[in-house]
Protein chains: 2
Amino acid sequence: MSEVGQDEARDKVTSDASTGKELLPGNAVIAQSGGPTNVINQTLVGAIKQMVRSKEINAMFGARHGISGLLEEDFIDLRAESPRLLDKIARTPSAALGSVRMKPTKEDCEKLFEVCRKHDVRYFFYIGGNDSAETAYIVATQAAEADYDMRVYHIPKTIDNDLRETDHCPGYGSAARFVALALIGDQLDNRALKGIKIDVVMGRHAGFLTAASVLGQQRSDDGPHLVYVPERPFSVDKFVGDVKQVYDELGRCVVVVSEGIQDENGKPVSETISESGEVDAYGNPQLSGSSALGDYLARTVNERLGKDLRVRADTFGYLQRCFPEVVSRVDATEAMEVGKHAVRAAVQDEQPNGSVIIKRAGTSKTYMASYGLTSLENVAKGTRSMPDEFINAESNGVTEAFRDYALPLVGRLPRYRWFKTERGS
Amino acid sequence: MSEVGQDEARDKVTSDASTGKELLPGNAVIAQSGGPTNVINQTLVGAIKQMVRSKEINAMFGARHGISGLLEEDFIDLRAESPRLLDKIARTPSAALGSVRMKPTKEDCEKLFEVCRKHDVRYFFYIGGNDSAETAYIVATQAAEADYDMRVYHIPKTIDNDLRETDHCPGYGSAARFVALALIGDQLDNRALKGIKIDVVMGRHAGFLTAASVLGQQRSDDGPHLVYVPERPFSVDKFVGDVKQVYDELGRCVVVVSEGIQDENGKPVSETISESGEVDAYGNPQLSGSSALGDYLARTVNERLGKDLRVRADTFGYLQRCFPEVVSRVDATEAMEVGKHAVRAAVQDEQPNGSVIIKRAGTSKTYMASYGLTSLENVAKGTRSMPDEFINAESNGVTEAFRDYALPLVGRLPRYRWFKTERGS
C-alpha cells in the first residue's frame, strides 16, 4: 500500500456553511462494483471532481476492484491525476478502477475499518447496483456498531434499471440505447431475409432493458413484434401462438425476450431448460446463463411451426454494457451528476449515509432530472420491476407509457428511409 | 407487376464515346442478395446514381428479394426516387430492396429471360457475395446459351471478406469495425471483472472478421489475447493450454474464435459438438450454427481448468452486420464506388460480364483504392482465406501484416485512457 495523500491530511475541524454543523475532515475512498457500464467512469470522475472542490476531503483513494481493493489496500492516488486525464477517463467504458462482486462478512468489515482507520478514511463512496448498495449498507451498519465514524454513500449504477427509489439508474440509458440500436439493425435484417428472429436481452428480474428494444421503431410493422419480460409469466404455448400470428400476417417476426423470463410459478425458463435433461458432450446438464434460452426457443418454434422455417436466435450478452461509442448523452451527464451529488451530500452532512437517487420532472419532451438521497436500506433490500402500465394487456409488448419513460434516457435514435414505392415487406 | 418505367424506354442505339462501340440501349435490373450489411445500400445507390447518368440505360428496376423478385416481377421503379431520398437510403442498414438466398435452376433462368425480354432488360446488376457471383455467372452463361443479349455484373458485398480477386469486400470494413469496437469494450469489461471470456465471431471459412478483433488494442496486455481462425486446425487441447498460459500470466484471458474453426481433419468443431450426443429437451441433437460452440468452449475450460473459474461466452451473431451507426467511412465510400464502377463498366462495354474488384495502392497510412473488373467465373468458384502472413506462427493470433491490411478499411478507432498510477491489472 502506498502512503499516497497522507501528507495532505489536515488535522482540523471545518464547519459546513449550509448547515453550520461540524464535520470531521478526513480522507475518502471510492470504488466501483458489479457489472461495468459505459458511464460508470463518469460517476467516478464526477465524484472525484466534487471531492477536489470539497475542503472536508483530503486524500482521495481509488480502491481497485471494489471492496476487495480496500481490504488489500490496493489504492490509486486520485489526486495525482490531471483534470484533462480525468475527463478522458470519464469517457472510457467499463470500470476504470476495476470491479468486483463480493459481499463483505463481519470479519471483512473489521479488517476494512482497520484499513480505514490506518488511512483516516472518513468518506466511503461505492458505485454499483443493488448488491453494491447492500455492501454499503452492511459497511455503514457495521461502522456504527464498531463506533467508527465514516459516512457511507452508495451511488447508483446498473444497466438493469432495477434499483428502488430512484426514477432510473445511470448505465441504463446507454445499455438501452445499445439494445434499441441493435433492434433497428436486426429488424431491418429480418425485413431483408425474413424468417423468425429471437433476441435474448439481459435482465434477470426486470424487463426495462428488454423493453428498450422497441424504442427505434419507425413503421407500424417494424420489429420487434413481440416482447417478453420477466414481470409477466411466460408460457411457451402462448409464445408459439403469438409468433405464428405475427408470422402469418407479416411473413416474418422479430421477438425479444429477457434472459430472466419465468413460468407461471416464477421459475426461470432457463432453469427448466437446464433441468430438462439437456446434457452436453460430457453428460453434464446444460448450464443456464448461457445462450441456451435463445437456442431453446428457436428450436421450439421450428418443432412446432415447421422445420423449414428460417429461425435464428441471438443472445446479446456482454456486448450490451460496454460497447464503445454507444452512449446516451443524458445518461453520461446524469452518471456524472450522481457522483457529484454523493460528495455534496456527504460533505454537507445532510444525512450521514445514503444512496443517491434521480428524480424526474417534465414530460417525455421536456424531461429534466434532479438528485436526492434515500436511505441505504431502501435500495439494499430488493429490486424494482417494470410497473404494470409499461406492459401491454397481452403481456407480449410494451406501452406508450414505457416509451415516454425511456426515450429521454436513451436519446435521439437514428431514423432511416426506404423506397417510397416499396410494397409490403 | 407494375409497368413502371416502360414509357421511358427509348428505342435507339447509342454510341459509347470512349470505345466507339455500339451499345444496345435498354432497361436495367438491380438486386441485392445474401446476408445484408451496413453499406450494401451504398452500393445500390451508387449504381442507381451512375445509371441515371448513363444514356444507355432507360428504365431502372429494383427487383425485390434478389432473383426471386425478378422471377415474380416484383419491381420498384428506381427512377421515381429523388436524389435526396436516395442519399438517405444509402445510409440505411440492411438491404433496402430485400434479399434472398437462392441459386437459380435452368428453368428459373428460362423464366428469368422471359421476364427480362418482356421488360427489355439488357443490364443485370447483382450485389452480393460468392453465392451471388455464382448466380450472376449462371445467369450470364444461360443468357449466352439462350442467345439473350444481356450484360451481367456482380458487385461484391460480404462481411466475411472471402471473395477472390478483390483486395477486400465492401461490407467487411464496417462489420470488422463492429467486431473491433466490441472487443475494445469486452476486454475492458474483462479487465474490470477478470475471468476468461470467449467470443464467437462470424466466418465459416475465412478468419478476416475474427482477426479484426485485435484492431482496437492499445496496451500490450489488452485482449483479445488469443485469436483462432478457420484457416488453421483447431485443437481443443492446444486451446485450453493457451488459455491457461494467458490466465496464469494476466489473471484474465479474452479469446476470439471464428464460428467455422475446424479440427485437423477439416471438420468444423461445431459439427463435432452436434454429433457428440448433446441433445436438447426433446432428445434432438443440439444444432450447430447456434451458440453451441461458445458455450461448449466455455464449459470445456471450466472442466479442464477449474469449475470455479469465471468463464463466459458470447456469440456475436447477426449483430455484426447491420448495427446502426457502426460504419467505416472508407467502407461506405468504396461500397458506393463499386456500384458506380459496375454501371460504368457495363455501359462502356469493356467486358460483357464481370465482377467488380477493389485494388489497393499505398501503405497502411497512405491507403488508396481503385476499381476494376474480373470475370464472373473467377469470383463464383470458391472463396478466399486469410493468407499465411496474416496468422502468427502459434496459430493463435494475427500479425502486423494483417493490421496493416485491415486498419485502413476499418477506420479510426476510439482510444481510451486510464489512471496513470494504475498497477498491473
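We name chains A, B, ... by the order of the sequence lines, and we start the count at 1 in each one.
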Tell me which of these, [options], has more heavy-atom pairs under 4.5 Å with chain B than the rest.
{"options": "A/Gly317, A/Gly98, A/Ala95, A/Ser99", "result": "A/Ser99"}
{"options": "A/Gly66, A/Ala90, A/Pro36, A/Pro324", "result": "A/Pro324"}
{"options": "A/Asn41, A/Thr315, A/Ile89, A/Leu183", "result": "A/Ile89"}

Okay, side chain of B/Asp189, backbone of A/Arg321: is any donor-acceptor separation there less than 3.5 Å?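 Pair absent, no side-chain N/O of B/Asp189 close to backbone of A/Arg321.
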Does A/Leu188 offer a backbone N or O that forms a donor-acceptor pair with the side chain of B/Ser94 under 3.5 Å?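 Side chain of B/Ser94 to backbone of A/Leu188, a donor-acceptor pair under 3.5 Å: yes, one is there.
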Separation between [atom1] of [X] and [atom2] of [Y], rounded to the nearest 0.5 Å:
{"X": "B/Ser82", "Y": "A/Arg417", "atom1": "OG", "atom2": "CZ", "answer": "7.5 Å"}
{"X": "A/Leu181", "Y": "B/Cys322", "atom1": "CG", "atom2": "SG", "answer": "13.0 Å"}
{"X": "A/Arg177", "Y": "B/Glu325", "atom1": "CZ", "atom2": "CD", "answer": "5.5 Å"}

For residues [X] and [Y], report the shortest heavy-atom separation together with the two atoms involved.
{"X": "A/Trp418", "Y": "B/Thr92", "result": "NE1-CG2, 3.7 Å"}
{"X": "A/Phe419", "Y": "B/Leu97", "result": "CE1-CD2, 3.6 Å"}
{"X": "B/Leu193", "Y": "A/Val100", "result": "CD2-N, 3.7 Å"}

Which one, B/Asn190, B/Thr37, B/Asp199, B/Leu319, leads in non-hydrogen pairs under 4.5 Å with chain A? B/Leu319
Hey, which of B/Ala192, B/Gly35, B/Gly34, B/Gly62 has the most heavy atom pairs under 4.5 Å with chain A? B/Ala192
Toward chain A, the part of B/Arg310 with a non-hydrogen atom under 4.5 Å: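 Contact with chain A is through the side chain of B/Arg310 alone.
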Proximal component of B/Leu293, with respect to chain A [non-hydrogen, under 4.5 Å]: neither
Does one side chain, of B/Arg312 or A/Tyr318, offer a donor that lies under 3.5 Å from an acceptor on the other? yes
Does A/Phe178 have its ring centroid less than 6.0 Å away from the ring centroid of B/Phe323?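 Yes; B/Phe323 has its ring centre under 6.0 Å from that of A/Phe178.
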